[in-house]
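This report refers to the structure that appears directly beneath it.
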Amino acid sequence: MVNSTTVEQSCLSLLNRCKTLKSLKQVHTHFFKSGTDSDAFVTGNLILHSAILISDALHHAHSLLLHFPNPDAFMYNTLIRGFSDSDHPHNSLTTFIQMRRNPNVKPDSFSFAFVLKSAANLQSFDKFITGIQLHSQSITHGLDTHLFVGTTLVNAVTSRVRVGCINEMPVRDLISTNIMIAGYMKSGEVRLAKSLFFGEMPVKDDVSWSTMIVGFAHNGCFDEAFELFIQSRRSGLRPNEVSLTGILSVCAQAGAFEFGKTVHGCIERSGFVSLHTVNNALLDTYCKCGNINMARLVFDRMPGRKTIVSWTTMVAGLAMQGYGEEALKRFHQMEESGIEPDGITFISVLYACSHAGLVEHGVRYFSMMKDRYGIDPTYEHYGCMVDLYGRAGELEKAHDFITKMPVKPNAVIWRTLLGACSVHGNVNLAEFALNKLAELDPNDSGDHVLLSNIYAVAGKWKNVATVRKSMNSQRLVKTPGWSMIEVDKIMYSFVAGDEQNEVINEARTNLRNIMLRLRDEGGYAPEVIGSVLHDIEDEEKENAVVTHSEKLALAFGMSRLCDGKVIRIVKNLRVCKDCHTVMKLASKIFRLEILLRDRSRFHSFRDGSCSCRDYW
DNA sequence: TTAGGGTTAG
């Protein structure tokens, strides 16, 4: 008699040799003939191989599950995970719901962890939670077939219930709890992640800490991220390759140069300085913090052969700071070193051309990408080309390029054209682009604000009023602008129209004095026309413009940072023209170096001028 | 018995 363990082991070894769906089906036929295909372990592994280990076999895994008489939790879990990485991630959620409907199966920690991850990636966390909640209610009430009963119950779901629902998990081990924290963080549920991490995890590992740290940053809570990193060090946790790249990415996102330098020191001491991943993250941090000299140093001293990520990061970093020629030089060095560029490299190359006004070069690189390297352009590449022509003021060429694109232009493409129209004041083309945007993505308030600004600059006040009215009726709210500045390794953020507090008051007081000196010594007059504030009095206009968040950050930095230090500001939106003028004047009158990272590039202000050459 | 987590280039 054959031992069942032996049968299962031989089944596994057969499956492990399968690399294609075809060979898997042959093995399946073999199982069928020997009668082992009715075994749950065998089918479970068939599903695992088709859903995860072999490409393009997910549909086969699904059909295996559908045809198996009594599928178990392992099979459902495997399929939930398989769908989460597929073209139809939503099927993870439906598979989970099917599992809940099967009275013979109970979800375990794997089920919750996998489906939560999918839900977070789909950004449908609320639907997922609501779905589970409603479903458990509907089971109790005998309404199983009506999964989503209605909005009344949806509205009744409170945070307390959400936590309760996650507590349904029968087993909660360390790994699944870590995945849940990541899921909460990705879906913006910082409070729930914190309550799990601080309240319900007596045992944490390095992944738990890292998940929290990068999760905080993902939600804009940079101070909490840095604080937790410090706490993790204090509690004796030794950093590793992944946690270091993680904290560096937090510094890069925040533009936290001082904290980044501390982490750099920690890397030098820990011996992780020889790792490519860590070096690449460090390089990116210096680029995103605007310190191109440190970035060059890290890049040039990188041990061993540089990877495509190292080269592309360097090219992108140079491009962002307006060093177009050097970015292209590095690109050619990359080619010479035998590393073949990919689509992402070309995005950086095209970006470099566009921000340095190198139109002809950009056109050549765009052709080279396809002709020499066989890379098909994506929407991002097309977007770069529209930006390239648009920035250079060749708006008709930009429009012409869009009409000749082999794919249907998306909202980003039209938005890029709209942005260019705004810079160059082309009202007709702007209206045309906005009409396209109204079809594709009508809810973006930024688009309406841009058009309204274009009308304002052209003096078309009636049109401005119409746009504002339509924004109000559609309840479109402007994205609030914020700026951050790092002082003594602490990130201070400023939001226009923020409530009063000590920091804001300090910034406001200092700002008033700064503005007076700019007016008296620099001849500053506020830029009010383009600020969509035509319907209020002049004096109010000035006040409203004056309090843009980057000005508050500047004033705060000037009062807190010692002389000679570069003022580094990070802003979430594009800098407005008036703030740009203020930064230029301030750099001259107060003999300051100001570095402003906005949504699209770096502005380096020195002695009254900016590295963007007033073009952004 | 089979499975799972945090990170780096636009």
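Chain letters run A, B, ... following the sequence lines, proteins first and then strands; every chain starts at 1. Quick note: numbers below take in every heavy atom, side chains included, and nothing from hydrogens, waters or symmetry partners.
Between the CZ atom of A:F602 and the CD1 atom of A:I292 there is a distance of 8.0 Å, given to the nearest 0.5 Å.
Contact between A:R233 and A:P239 at its shortest, heavy atoms only, is NH1-CD, 3.1 Å.
As rounded to whole Å, 15 Å separates atom P of B:dA3 from atom CD1 of A:I47. Spacing between atom CG of A:L48 and atom P of B:dT1 amounts to 16 Å, rounded to whole angstrom units. When rounded to the nearest whole Å, the span between CZ of A:R238 and P of B:dG6 equals 23 Å. Between A:F197 atom CZ and B:dG6 atom P there is a gap of 16 Å when expressed in whole angstrom units. The CE atom of A:M314 sits 12 Å away from the P atom of B:dG10 (whole-angstrom rounding). Remark: C1' of B:dG10 and CE of A:M369 are 13 Å apart, rounded to the nearest angstrom. When rounded to the nearest whole Å, the span between CZ of A:F83 and C1' of B:dA3 equals 17 Å. Atom-to-atom, CE of A:M75 to P of B:dA3 comes out at 15 Å; the value is rounded to the nearest Å.
The aromatic ring centres of A:F366 and A:F401 sit less than 6.0 Å apart. Remark: aromatic rings of A:W311 and A:F331 are distant, center separation not under 6.0 Å.
Under 4.0 Å is where a charged nitrogen must lie from a carboxylate oxygen, and between A:R330 and A:E326 at least one such pair does.
Comparing B:dG10, B:dT2, B:dG6 against the side chain of A:V214 picks out B:dG6 as the nearest. The side chain of A:T245 approaches B:dT7 more closely than any other nucleotide in the set B:dG4, B:dG6, B:dT7. Candidate nucleotides B:dG6, B:dA3, B:dA9 were compared by shortest atom distance to the side chain of A:R81, and B:dA3 ranks first. Closest to the side chain of A:I344, out of B:dA3, B:dG4, B:dA9, is B:dA9. Checking B:dT8, B:dG6, B:dG4 against every side-chain atom of A:N280, the shortest atom distance belongs to B:dT8. You'll find that the side chain of A:V242 is closest to B:dG6, out of B:dG6, B:dT2, B:dG4.
Across all strands shown, A:S348 has heavy atoms under 4.0 Å from sugar-phosphate atoms exclusively, and none from any base. Nucleic acid contact for A:D284: sugar-phosphate only, since backbone atoms but no base atoms lie under 4.0 Å from a heavy atom of the residue. Counting any heavy atom pair closer than 4.0 Å across all strands shown, A:T78 reaches no nucleic acid atom. Within 4.0 Å (heavy atoms only), A:D387 reaches no atom of the nucleic acid at all. Using a 4.0 Å heavy-atom criterion, one finds that A:A182 contacts no nucleic acid atom at all. Note on A:N279: nothing from the nucleic acid sits closer than 4.0 angstrom, heavy atoms only. Note on A:T313: only backbone sugar-phosphate atoms sit closer than 4.0 angstrom, heavy atoms only; bases stay farther off. Using a 4.0 Å heavy-atom criterion, one finds that A:K288 contacts the sugar-phosphate atoms exclusively.
Residue A:K204 places no side-chain N or O under 4.0 Å from the OP1 or OP2 atom of B:dG6.
Under the stacking definition used here (centres under 5.5 Å, planes under 30°), the residue A:F110 qualifies as stacked on the base of B:dA3.
Listed by first and then second residue, the side-chain hydrogen bond (donor to acceptor under 3.5 Å, both in side chains) pairs involving residues 219-232 of chain A are A:K194-A:E224 (not counting sequence neighbours).
For B:dG6, the base has a donor-acceptor partner in the side chain of A:S210 [N/O atoms by modelled type, under 3.5 angstrom]. At a cut-off of 3.5 angstrom, counting only N and O atoms as typed in the model, there is no donor on one side facing an acceptor on the other between the side-chain of A:N77 and the base of B:dG4.
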